[in-house]
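None of these values were measured; they are calculated from a predicted model. First the proteins, then the strands, lettered A, B, ... as listed; each starts at 1.
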Number of protein chains: 2
Amino acid sequence: MFSKKSTTNYFSILIHLLKWTLIAFPVAALVGSVVALFLWLLDVVTNFRFTHGWLLYLLPLAGLLIWWLYKTAGKNAESGNNMILDEIHQPGGGIPLRMAPLVLITTIITHLFGGSAGREGTAVQIGGSLSSLIGKRLKLSTDETKLLLMMGVAAGFGAVFGTPLTGAIFALEVVYIGRMNYKALLPCLIASFLADMICSMWHIHHTQYHIQIVESLKSSTSIFHFDLLLIGEVIIGGALFGITSLLFSEFTHTVKSYSKEWIKVPWLIPVIGGGIVILLAFLLGTNDYLGLGVSNPDPNAVSILNCFKAGGADTWSWLWKLIFTGITLGMGFKGGEVTPLFFIGAALGNTLGTLCGAPVDLMAGLGFIAVFAGATNTPIACTLMGIELFGGEYALYYAIACFTAYYFSGHTGIYTAQRVINKKG
Amino acid sequence: MFSKKSTTNYFSILIHLLKWTLIAFPVAALVGSVVALFLWLLDVVTNFRFTHGWLLYLLPLAGLLIWWLYKTAGKNAESGNNMILDEIHQPGGGIPLRMAPLVLITTIITHLFGGSAGREGTAVQIGGSLSSLIGKRLKLSTDETKLLLMMGVAAGFGAVFGTPLTGAIFALEVVYIGRMNYKALLPCLIASFLADMICSMWHIHHTQYHIQIVESLKSSTSIFHFDLLLIGEVIIGGALFGITSLLFSEFTHTVKSYSKEWIKVPWLIPVIGGGIVILLAFLLGTNDYLGLGVSNPDPNAVSILNCFKAGGADTWSWLWKLIFTGITLGMGFKGGEVTPLFFIGAALGNTLGTLCGAPVDLMAGLGFIAVFAGATNTPIACTLMGIELFGGEYALYYAIACFTAYYFSGHTGIYTAQRVINKKG
């Protein structure tokens with residue numbers, strides 16, 4: 001019944017699986033533990049900043065320190081996430097090990113002094129850098145190195161957000177625009193799952209978000225089992241979330257290129273960037289747009305968690321967070337873009353929900369995942385993230401919002417090293 | 001901020017979206033309505049067979065009738081799903097319109113007389129054939145025709161199972177082994193969503209499945225938020241589900257090729273096939289493995305629904321359903337493979353759950369999606385199907401089972417026209 005060729009073929013699949021499962025253990029142990037350390041530090045410095053508001057005034061100095069750290073110890077490590085994508089496309093010099101501690105320390109500095117940034121970039125770089133270290137020890141081939149780096153990305157992403165399935169699909173999806181590669185499907189899931197598990201063994205807990213739409217929605221007496229008006233709002237929301245991703249990417253890239261062009265002394269860029277952030281916070285009279293923004297000790301502050309409640313964000317909160325983050329990351333501070341993207345999306349969702357009378361928590365959740373989907377061109381990972389974070393009940397809405405945002409964000413994104421394989425139109 | 005080129009580029013994406021959204025409406029209306037008719041007829045004939053057991057004895061004659069219908073009216077329509085995949089790879093002669101009524105009528109005949117078959121193949125062929133008809137009117141280019149056919153497949157699949165998200169991802173995933181193409185992402189989701197909506201406007205309801213694991217599992221006091229023993233069982237289950245997919249594909253292909261080799265008179269093949277099914281039912285003393293198998297008026301019968309309950313299937317139920325279906329479909333009867341694959345998987349999951357003390361409903365649900373994932377090489381669509389049918393709570397388990405089954409099913413599958421783009425190992 002089975003030919004010899006297909007049997008040989010079959011065993012090579014099993015050996016491939018076994019080998020990568022074994023490699024996944026050290027990758028996950030290392031990445032999961034360092035990410036746990038990172039998350040713990042992040043929590044410590046964020047809470048410290050909340051009680052020591054004056055730290056913000058040192059942000060320009062912090063920027064100078066970050067610049068100096070990368071200048072003296074960074075070498076080629078500054079290109080960050082894009083270097084990891086480039087290495088997956090075409091393994092070359094490898095990811096320098098110094099990338100992991102450097103990005104960890106500089107992200108912590110950014111957050112301690114109130115820069116508006118995230119954490120996924122840091123986690124992905126920790127994952128890439130540490131898995132590359134393991135790869136060098138194992139003397140892997142070019143193809144094997146690609147796979148290993150994808151596992152590192154999956155492990156970092158899965159652990160930092162506590163979403164293992166999303167981490168795996170993100171790693172497969174982020175490399176190319178318009179295609180998902182299955183070669184690393186199970187190895188990435190194993191790495192991401194184990195890294196998340198190890199991260200929780202270190203007693204790291206992730207924020208819980210809740211979407212609890214009024215029951216009347218579900219028991220609708222409509223002949224459809226969908227609410228057509230809501231679907232329409234989700235589509236329009238998806239389009240706006242996609243346009244917002246585009247705006248974010250373009251704004252950050254523009255800030256980066258203009259500050260290089262206009263400010264000729266490199267170390268002045270983060271100093272001025274820090275100054276602008278202080279000025280903006282002063283003009284707006286609020287610190288809500290500093291730091292990670294997931295939660296806030298002030299119950300009336302705008303934070304991601306509060307965006308899920310009616311009245312939890314102002315009409316333009318999303319735009320302010322976009323500007324704060326674009327300046328922070330475009331002018332030399334470190335950290336990820338994703339948590340700010342969550343913030344921008346959830347705040348915009350809150351505004352849209354309020355304006356069109358749609359459920360605010362659902363719209364905030366959709367913005368949370370869809371702005372991210374548009375900015376990173378990973379619509380399926382983000383649909384799964386919605387399911388992992390908010391539950392599967394609204395999976396179809398997640399997909400509609402993320403897929404729509406994916407189209408409306410155009411062919412750019414926050415990772416310039418992504419390659420366009422299938423044009424969107 | 002935006003260059004002229006990227007603006008032009010952006011508008012071409014929006015025009016692409018608008019165009020395909022408009023095309024999705026007639027595709028969905030047509031496919032959704034015909035699938036509704038098909039599901040209604042299927043329900044009528046299945047209930048009729050339950051009350052008229054003697055119909056089984058006419059199965060060989062029914063086989064002869066199906067052979068004659070394809071012989072006189074079929075021309076090239078017999079290659080079915082594989083022809084649709086071939087046309088997506090390389091649009092050529094187009095899908096003949098006759099495929100839709102022919103496969104609908106012959107599937108209904110198969111089910112009326114108790115052949116063990118499914119319905120997704122039929123729905124996908126209805127989708128492909130009807131969308132191809134629309135494509136000819138619109139005079140589409142080669143690339144546009146590919147996209148249209150994928151929309152047809154998505155619409156057919158989404159409507160027949162009531163799972164629009166799965167339908168869309170299935171259409172993107174099924175074409176190649178090891179790659180997902182995003183070109184048609186949103187058009188497929190729109191088509192699948194609308195077709196499902198139109199199907200429910202015709203008052204077609206889909207079977208509800210439930211997984212309700214004992215609460216103790218969730219409130220586990222373990223330091224992990226996962227149950228490691230259960231994860232181990234899910235991985236082993238996934239491997240066995242994958243091997244079962246492989247067995248199913250190989251058995252069906254083998255039955256097909258041997259019956260062509262051994263039975264020189266073509267019309268005798270379905271006649272003998274029908275005879276074997278009757279003989280097997282007689283020897284086993286049960287009609288449980290005939291027809292679709294979703295539910296059964298006898299509360300003690302083995303059916304997909306009962307597989308979710310402890311004691312709802314016998315140890316070898318999965319193997320019997322595999323043999324019944326392989327003979328039915330391998331010897332000239334019509335219908336899909338997917339519902340029987342659900343049955344085989346759910347029954348095997350029931351057996352495994354009983355043997356290792358794992359929750360029977362969860363294991364049945366995992367088998368349901370994972371055997372299908374292995375046989376069609378669509379692990380992500382099947383993970384999403386788990387979420388759409390059983391809820392998102394166990395999404396990670398669905399992914400582990402489906403991804404593992406994907407590797408363990410090797411490079412074959414029920415669709416021989418799939419092309420291997422990325423080897424699994």
Assess whether side-chain contact (heavy atoms from CB on, under 4.5 Å) is satisfied between A:Leu189 and B:Thr404, documenting all intermediate values. CA-CA 10 Å; A:Leu189 184 65; B:Thr404 309; over 6 Å; no

Can you tell me which portion of A:Leu17 sits under 4.5 Å from chain B's heavy atoms? Options are side chain, backbone, both or neither. side chain

Examine whether an atom of A:Ala184 lies under 4.5 Å from a heavy atom of chain B, and if so say whether it belongs to the side chain, the backbone or both; otherwise answer neither. backbone

Between the main-chain N or O of A:Leu186 and the side-chain N or O of B:Tyr407, is there a donor-acceptor pair closer than 3.5 Å? yes

Where does [X] contact chain A at under 4.5 Å (heavy atoms): side chain, backbone, both or neither?
X        : value
B:Phe408 : both
B:Leu165 : both
B:Ile15  : neither
B:Ala239 : neither
B:Ser409 : backbone

Looking only at heavy atoms and a cut-off of under 4.5 Å, which of B:Phe403, B:Tyr176, B:Phe390 has the most pairs with chain A? B:Phe403

Greatest number of heavy atom pairs closer than 4.5 Å to chain A - which of B:Ile387, B:Ile169, B:Ile235: B:Ile387

Side chains of A:His411 and B:Tyr10 in contact at under 4.5 Å (non-hydrogen atoms): no

Side-chain contact, heavy-atom cut-off 4.5 Å: A:Tyr406 with B:Ile13? no

Mind checking side-chain contact (heavy atoms from CB on, under 4.5 Å) for A:Ser259 and listing every partner two or more places apart, or none if nothing turns up? A:Val255, A:Ile263, A:Ile269, A:Met331

Do any of residues 376-385 of chain B come closer than 4.5 Å to chain A, heavy atom to heavy atom, and if so which ones, in number order? B:Pro379, B:Ile380, B:Thr383, B:Leu384

Rounded to the nearest 0.5 Å, what's the gap from CD on A:Glu393 to CD on B:Glu393? Could you check? 10.5 Å

What is the distance from atom CG of B:Leu396 to atom CG of A:Asp196, rounded to the nearest 0.5 Å? 8.5 Å

List the steps and the verdict of side-chain contact (heavy atoms from CB on, under 4.5 Å) for A:Ile231 and B:Phe193. CA-CA 11 Å; A:Ile231 290 278; B:Phe193 170 74; 3.6 Å; yes

